[in-house]
Amino acid sequence: AQKVTQAQTEISVVEKEDVTLDCVYETRDTTYYLFWYKQPPSGELVFLIRRNSFDEQNEISGRYSWNFQKSTSSFNFTITASQVVDSAVYFCALRGPSGTYKYIFGTGTRLKVLA
Amino acid sequence: NAGVTQTPKFRVLKTGQSMTLLCAQDMNHEYMYWYRQDPGMGLRLIHYSVGEGTTAKGEVPDGYNVSRLKKQNFLLGLESAAPSQTSVYFCASRESVGPAAYNEQFFGPGTRLTVL
C-alpha cells in the first residue's frame, strides 16, 4: 500500500530562519512521482514541485529547495530565510507509475512564520 | 483560461437536504477528481473520473455520487447531507497524454460546505 507521512503537524519559526518540512513515503512501485503543494491562508492549492523516482537530483528554486533520498524514502522541503508570506499548510503527495490515477496526500504541515 | 472552477464557493445545508457541487475545467483534461479536506486529515479522494462517462470510487465515497456527462464538467452530489459531510471540497484535473505520468493536478478554489 502507498502512504505519505508528514509527521510535523505544525512548525513555528521566526522570520529569516531556515526551516525543513519532512515527507516520508511508502510504496512498492519502482516508478513513482512525488509532489509538494502549498495551501496559503486563502485556501487554494498551489503546485510547487514534482519529482520522479529516477531523478534523485536535488532542486533549488530561489529560497526553496528539495532533497529527495530514495534510500530513506524521503522528499524533504527546505525554505531558506523564511518570510511571513511562507506561512501556509504544505502537502506532500505520492503517485504511482503511468496508468495510476490516484494521488496519496500526507496530512500536511502548517508552517507559521512570525515577524 | 480560467483553469478549474468550482460552484458554489460556500453553502450551508440542513441535515437531509441535497445539493450538487459543480466542477468545470477548460484545459481539456481527461482526468478529474473530487477531494474533501478536513482538519488534520489532509486531502482524501472521494471519487474520480478518467474520461467522459466514467467514474470510480476513491477512498471515502459513501454518501456521495458523481457524474461526468461532459468532459469539462464533473459533478459531486450529496443526496441526503449529514453533519459529517461538513468539509472543504476540492476538485482537480490533470492531463492524460504526453508525459502524462509526470503531470501534477490542477486544483479549483474549493467549496466550503457546512451541514447543520
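These numbers come from the heavy atoms of this one structure, side chains and all, not from hydrogens, waters or symmetry mates.
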Under 4.5 Å between side-chain heavy atoms, hopping through other hydrophobics if needed: is there a path connecting [X] to [Y]?
X	Y	answer
B:W34	B:L13	yes
A:L48	A:V19	yes
A:V24	A:L21	no
A:W36	A:I104	yes
A:Y33	B:Y33	yes

May I have the step-by-step check of side chain to side chain contact (heavy atoms under 4.5 Å, CB included) for B:Q105 and A:Y103, ending in yes or no?
CA-CA 9 Å; B:Q105 294 177 312; A:Y103 293 72; 3.1 Å; yes
For [X], which atoms come within 4.5 Å of any heavy atom of chain B: side chain, backbone, both, or neither?
X	answer
A:T100	backbone
A:Y37	side chain
A:Q39	side chain

Hey, could you give me the NZ/OH distance between A:K102 and B:Y31, rounded to the nearest 0.5 Å?
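Rounded to the nearest 0.5 Å, the NZ-OH separation comes to 14.0 Å.
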Distance from B:E104 atom CD to A:F35 atom CZ, nearest 0.5 Å?
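So the gap between those two atoms works out to 7.0 Å.
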Under 3.5 Å donor-acceptor, A:Y101 side chain and B:M32 backbone
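Absent.
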Determine which residues belonging to residues 43-59 of chain B lie within contact range of chain A, meaning some heavy atom pair is under 4.5 Å apart, and list them by number or answer 'none'.
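B:L43, B:L45, B:Y48, B:V50, B:K57 fall under the 4.5 Å cut-off.
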Chain A contact residues among residues 74-85 of chain B, heavy-atom distance under 4.5 Å
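The list, in residue order, is empty: none.
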Counterpart residues, salt bridge (charged side-chain N to carboxylate O under 4.0 Å, His left out), relative to A:E59 (two or more places apart)
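Salt bridge (charged side-chain N to carboxylate O under 4.0 Å, His left out) check on A:E59 returns A:R51.
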More than 12 heavy atoms of other residues, nucleotides or ligands under 6.0 Å from CD1 of A:I60: yes or no?
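Open: at most 12 neighbouring heavy atoms sit under 6.0 Å from CD1 of A:I60.
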Can you establish whether the number of heavy atoms outside A:E10 located under 6.0 Å from its atom CD is more than 12?
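For A:E10, atom CD is crowded (more than 12 foreign heavy atoms under 6.0 Å).
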Quick check: under 4.5 Å, non-hydrogen atoms only, which of residues 71-82 of chain A neighbour chain B?
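Residues of residues 71-82 of chain A touching chain B at under 4.5 Å: none.
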When the ring centroid of B:F106 is compared with that of A:F47, is the distance short of 6.0 Å?
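No, too far apart.
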Does A:F105 form a side chain to side chain contact (heavy atoms under 4.5 Å, CB included) with B:Q37? I'd like the steps, not just the answer.
CA-CA 11 Å; A:F105 282 82; B:Q37 182 182 15; over 6 Å; no
